[in-house]
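Predicted model, so just to flag it, every value in this text is computed and none were measured.
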Amino acid sequence: MGLDDKIKNTVEGATGHAKEEAGRHTGDRDLEAEGKGDQTKANLKQAGENIKDAFK
């Protein structure tokens, strides 16, 4: 379950970054904020995965 989740988190972070950049270039502040939120969520999930791995 660990590797699958880590890959999903990485993809979610990359998607968030793409949304943020698209929002920045088009002037869409909502899209930019959504991208930042997606990145933050992915980073928190990744941190949780790392903590679970540390206790294995």
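Using a 4.0 Å cut-off between charged nitrogen and carboxylate oxygen, D38 and K19 count as a salt-bridge pair. The pair R24-E32 meets the salt-bridge criterion, since a charged nitrogen lies less than 4.0 angstrom from a carboxylate oxygen.
Side-chain contact check for E49 versus N9: some heavy-atom pair is nearer than 4.5 Å. Contact check for Q46 versus D5: no side-chain heavy atoms found under the 4.5 Å cut-off.
Its side chain outside the 4.5 Å cluster rule for every partner, L44 clusters with none of the Ile, Leu, Val, Met, Phe, Trp and Tyr residues.
Taking all atoms of both residues into account, the shortest heavy-atom contact from Q39 to G13 is CG-O, 3.5 Å.
Here the straight-line distance linking atom CG of L31 with atom CD of E21 works out to 10.5 Å at 0.5 Å rounding. Note that CG of D28 is 9.0 Å distant from CD of E34, once rounded to the nearest 0.5 Å.
Legend: residues meeting side-chain contact (heavy atoms from CB on, under 4.5 Å) with N43, ordered by chain and number and at least two apart, are absent.
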